[in-house]
Amino acid sequence: MFNLILFGPPGSGKGTQSVRIAEKYNLVHVSTGDIFRREIKNQSPLGIKVQSIIEKGELVPDELLVDILRLALRQAGNPGGFVFDGFPRTLPQAADLDNLLMETGNQVSLVLALDVDEEEVVTRLLKRAQLEGRKDDTEDVIRNRMKVYHSQTRPLMEYYEKQGKFVSLLGVGSIDDIFAGICKVIDEKRA
Ligand code: AMP
């Protein structure tokens with residue numbers, strides 16, 4: 001299995017690129033943010049539980065992520081691998097992912113970070129707020145999501161660097177150029 005984590009702050013383009021990567025390399029795209037948005041839209045018990053957390057830009061508790069992840073892996077059947085988008089976001093989540101993949105003799109293959117500076121990201125997210133009307137794209141919430149990213153998610157860089165799995169790419173420029181850069185790294189890793 002080839003298991004890729006696309007890493008980066010909110011608004012770095014992970015979602016857009018993940019969809020393209022999954023299509024090209026025949027991987028299953030797992031976006032925990034998309035899963036939560038769908039649950040909220042359906043007002044399922046899980047959706048109701050996480051709605052106010054997400055609207056504040058906080059992280060959903062790790063315990064809930066393990067269950068979601070286990071389900072997503074099971075539902076995928078036997079794919080060539082996964083692209084994880086927006087997951088893991090904390091060290092305990094990274095450990096849970098390692099453990100779940102290990103159950104089937106697999107592991108994280110590569111962590112690709114999209115490097116975009118904070119002001120650029122905030123500008124992009126404010127623009128997305130106008131286009132898509134996401135409730136967590138207001139300026140206050142965006143700033144909070146960046147704070148949460150720095151304090152809880154960035155430490156994962158070191159976790160994966162130590163394992164020699166971490167590669168960072170500049171996430172600025174056209175979507176096609178960034179995608180080409182990503183493909184080059186993936187192809188080298190798979191070669
Ligand atoms: P995203 O679309 O990935 O930016 O996710 C939107 C929101 O969903 C985040 O701001 C969090 O509130 C929540 N969320 C998504 N993925 C996770 C995760 N792995 N851990 C905790 N919360 C998450």
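Note that ligands are numbered from 1 as they come in the structure, with each ligand's atoms numbered from 1 the same way.
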Report the nearest protein non-hydrogen atom to [atom]: residue, atom name, distance rounded to 0.1 Å.
{"atom": "atom 7 (C) of ligand 1", "answer": "Ile54 CG2, 3.9 Å"}
{"atom": "atom 11 (C) of ligand 1", "answer": "Glu58 O, 3.5 Å"}
{"atom": "atom 6 (C) of ligand 1", "answer": "Arg37 NH1, 3.6 Å"}
{"atom": "atom 9 (C) of ligand 1", "answer": "Arg89 NH2, 3.8 Å"}
{"atom": "atom 23 (C) of ligand 1", "answer": "Phe36 CE1, 3.8 Å"}

Could you tell me whether Arg128 and Asp137 make a salt bridge, using a distance below 4.0 angstrom between a side-chain N and a carboxylate O?
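Yes, this pair counts.
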Short N-O contact, Glu119 and Arg143, less than 4.0 angstrom
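Judged by the 4.0 Å cut-off on N to carboxylate O distance, Glu119 and Arg143 do form a salt bridge.
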Considering distance alone, does some N or O of [X] sit under 3.5 Å from an N or O of ligand 1?
{"X": "Thr32", "answer": "yes"}
{"X": "Asp85", "answer": "no"}
{"X": "Val60", "answer": "yes"}
{"X": "Leu59", "answer": "no"}

When the side chains of residues 169-191 are checked against the rest of the protein, which donor-acceptor pairs come out under 3.5 Å, sequence neighbours left out?
unit_1: Ser174; atom_1: OG; unit_2: Asp177; atom_2: N; d: 3.0
unit_1: Ser174; atom_1: OG; unit_2: Asp177; atom_2: OD2; d: 3.4
unit_1: Asp176; atom_1: OD1; unit_2: Arg20; atom_2: NH1; d: 3.1
unit_1: Asp176; atom_1: OD1; unit_2: Arg20; atom_2: NH2; d: 3.0
unit_1: Asp187; atom_1: OD1; unit_2: Tyr25; atom_2: OH; d: 2.8

Under 4.0 Å, heavy atoms only, figure out whether ligand 1 is touched by the backbone of Gln93, its side chain, both or neither.
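Gln93 to ligand 1: side-chain contact only, backbone stays beyond 4.0 Å.
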Quickly, which of Gln43, Glu39, Arg37 forms a side-chain hydrogen bond (donor to acceptor under 3.5 Å, both in side chains) with Gln51? Name it, please.
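For Gln51, the side-chain hydrogen bond (donor to acceptor under 3.5 Å, both in side chains) check succeeds only for Gln43.
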Going by heavy atoms in the side chains, are Thr16 and Val19 under 4.5 Å from each other?
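Counting from C-beta outward, Thr16 and Val19 never come under 4.5 Å.
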Checking side chain to side chain donor-acceptor pair (under 3.5 Å) for the pair Tyr149/Asn144: CA distance, chi angles, key distance, verdict?
CA-CA 8 Å; Tyr149 171 75; Asn144 192 39; over 6 Å; no
Under 4.0 Å from any heavy atom of Arg145, which atoms of ligand 1 are there?
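So the atoms of ligand 1 that pass are 4 (O), 10 (O).
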Should you measure from each heavy atom of Gly86, which atoms of ligand 1 turn up under 4.0 Å away?
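Checking each atom against Gly86, I get 16 (N), 17 (C), 18 (C), 19 (N).
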Strictly under 4.0 Å, does any heavy atom of Lys56 approach an atom of ligand 1?
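The answer is no, since Lys56 has no heavy atom less than 4.0 Å from ligand 1.
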Check the side chains of Thr138 and Asp140 for a donor-acceptor pair under 3.5 angstrom, ignoring hydrogens and angles.
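No, because no side-chain N or O of Asp140 sits under 3.5 Å from a partner of the opposite role on Thr138.
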Any donor-acceptor N or O pair under 3.5 Å, side chains Thr90, Asp62
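A donor-acceptor contact under 3.5 Å links the two side chains.
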Report the C-alpha separation of Arg145 and Glu118 in whole Å, then their side-chain angles, then the decisive distance to 0.1 Å, and conclude whether the salt bridge (charged side-chain N to carboxylate O under 4.0 Å, His left out) test is met.
CA-CA 11 Å; Arg145 285 161 65 203; Glu118 179 147 352; over 6 Å; no
